[in-house]
Amino acid sequence: MPSTTPSSAPLGPGQDRAEITSRKVVGLPEHLDPADASLPVWTERYLDLAVRGVRSAEVTAKISRHLERFGAWITGGLGHDRLSAVTPREVRAWRDHLAAAGNIGRDGTPAPMAPTTVNNHLAHLSALFTWITAHAPAGLLRHGDPTKKVAPLPLPAPQPCALAAAQVRTVKNIVDRIETFHELKGSR
C-alpha cells in the first residue's frame, strides 16, 4: 500500500497544496481562472494571505487603505480594474497625483502629500505587485512588475538645527556641575 504524503496527496475540488501541508497557511489554488485579473480580487488575496495576521491591525489597515486608494485611482482613470493594464506609466502618474493632490483637506479641497507618505504608498504597492508576480499564473502581468521601474520621490535634505544661546548656557551650567567631567580634564 503506497503511503500518501501531504505533497503527493491528490487535491480535492477547491483544495490547494498549502491547505494540505499546513493548516495555518492558506495558499492560492493551483488553477486560477485566467479571466480573474481584477486588481481588487488580487489585493484582497494579498491582504488575506500575506498581511492579515502577520502585521498589526493598525499596519494592516494602513496597507489596505493605501492599496484601496490605488485601486480607486486606477479604476477611475482607466475605467476598469484589470491588473494586466497597470504599467509603470500609471504607477508614476499615481505617485505624481499623490504628491500634488493626494490628501483631502478639512475644507474638502485637494492637498499635496508629503514625499515620505507618497513613498510609503509606493512601498505598499510594490509589495503587492512583488507578491502578485510570485503567485500569479504566467501571463497575468505580461510586462512584469510595474512598480520596479518607478523611483520613489526624493526626500528633502535634513535641516541643520543649532542650539539657541539660552540652551548653550544651560548645557554649560549642567557640565559645570558634573564633577567627574572636570576630573578627567584636570581643570575647572
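In this text the structure is predicted, and so the values were computed from the model without any measurement. Counting from 1, the numbers follow the sequence of the chain as shown.
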One should read off an interatomic distance between R82 CZ and L140 CG, to the nearest 0.5 angstrom, of 11.0 Å

Does some side-chain heavy atom of L83 sit less than 4.5 Å from a side-chain heavy atom of F129?
yes

Under 3.5 Å, side chain of H97 to main-chain N/O of A93, donor-acceptor pair present?
no

Do the side chain of S64 and the main chain of T60 share a donor and acceptor less than 3.5 angstrom apart?
no

Counting heavy atoms not belonging to R89, are there more than 12 under 6.0 Å from its CZ?
no

Which atoms form the tightest heavy-atom contact between G71 and L39, and what is the distance?
CA-CD2, 3.8 Å

Looking only at non-hydrogen atoms, find the nearest pair between P112 and N103 and report the distance.
O-ND2, 3.5 Å

Indicate yes or no: at least one non-hydrogen side-chain atom of T116 is less than 4.5 angstrom from one of L155.
yes

Non-hydrogen atoms of P115 and L153 that approach each other most closely:
CA-CD1, 4.1 Å

Starting from the C-alpha separation in whole Å, work towards a yes-or-no answer on side chain to side chain contact (heavy atoms under 4.5 Å, CB included) for V51 and Y46.
CA-CA 7 Å; V51 178; Y46 167 70; 3.6 Å; yes

In short, P110 meets I104 closest at the heavy-atom pair CA-CD1, 4.4 Å

Check whether L128 and V41 end up in the same hydrophobic cluster, where Ile, Leu, Val, Met, Phe, Trp and Tyr are linked by side-chain heavy atoms less than 4.5 Å apart.
no

Which heavy atom in A136 sits nearest to a heavy atom in W42, and how many Å separate them?
CA-CH2, 3.7 Å

Would V150 and W94 count as a side chain to side chain contact (heavy atoms under 4.5 Å, CB included) if you check the C-alpha gap in whole Å, the side-chain angles of each, and the deciding distance to 0.1 Å?
CA-CA 11 Å; V150 178; W94 182 61; over 6 Å; no

If I take atom CD1 from residue I63 and atom CZ from residue R52, how far apart are they, to the nearest 0.5 angstrom?
10.5 Å

So V86 and F70, side chain to side chain contact (heavy atoms under 4.5 Å, CB included) or not? Walk me through it.
CA-CA 11 Å; V86 178; F70 179 73; 3.8 Å; yes

Polar side-chain atom of R92 near backbone of K149 as donor-acceptor pair, under 3.5 Å
yes

Tell me, do H80 and T75 make a side-chain contact under 4.5 Å, heavy atoms counted?
no

Below 4.5 Å, heavy atoms only, C-beta onward: do K148 and S126 meet side chain to side chain?
yes

Apply salt bridge (charged side-chain N to carboxylate O under 4.0 Å, His left out) to residues R95 and E90 and explain how you reach the verdict.
CA-CA 9 Å; R95 176 200 64 193; E90 279 82 28; over 6 Å; no

Value rounded to 0.5 Å, distance of OG1 in T133 from CG in L141
5.0 Å

Once the angle between the rings of H66 and H121 is folded into 0 to 90°, is it parallel (under 30°), tilted (30 to 60°) or perpendicular (over 60°)?
parallel

Side-chain heavy atoms of V91 within contact of L122, under 4.5 Å:
yes

When you measure from the side chain of R45 to the backbone N and O of I132, does any donor-acceptor pair fall under 3.5 Å?
no

With side chain to side chain contact (heavy atoms under 4.5 Å, CB included) as the criterion, how do N120 and K62 come out once you've worked through the C-alpha distance, each side chain's angles and the decisive distance to 0.1 Å?
CA-CA 10 Å; N120 196 265; K62 180 175 149 183; 3.1 Å; yes

Hey, are D81 and S38 close enough side-chain-wise for a donor-acceptor pair under 3.5 Å?
yes

Closest non-hydrogen atom pair between M113 and T117, with its separation
SD-CG2, 3.8 Å

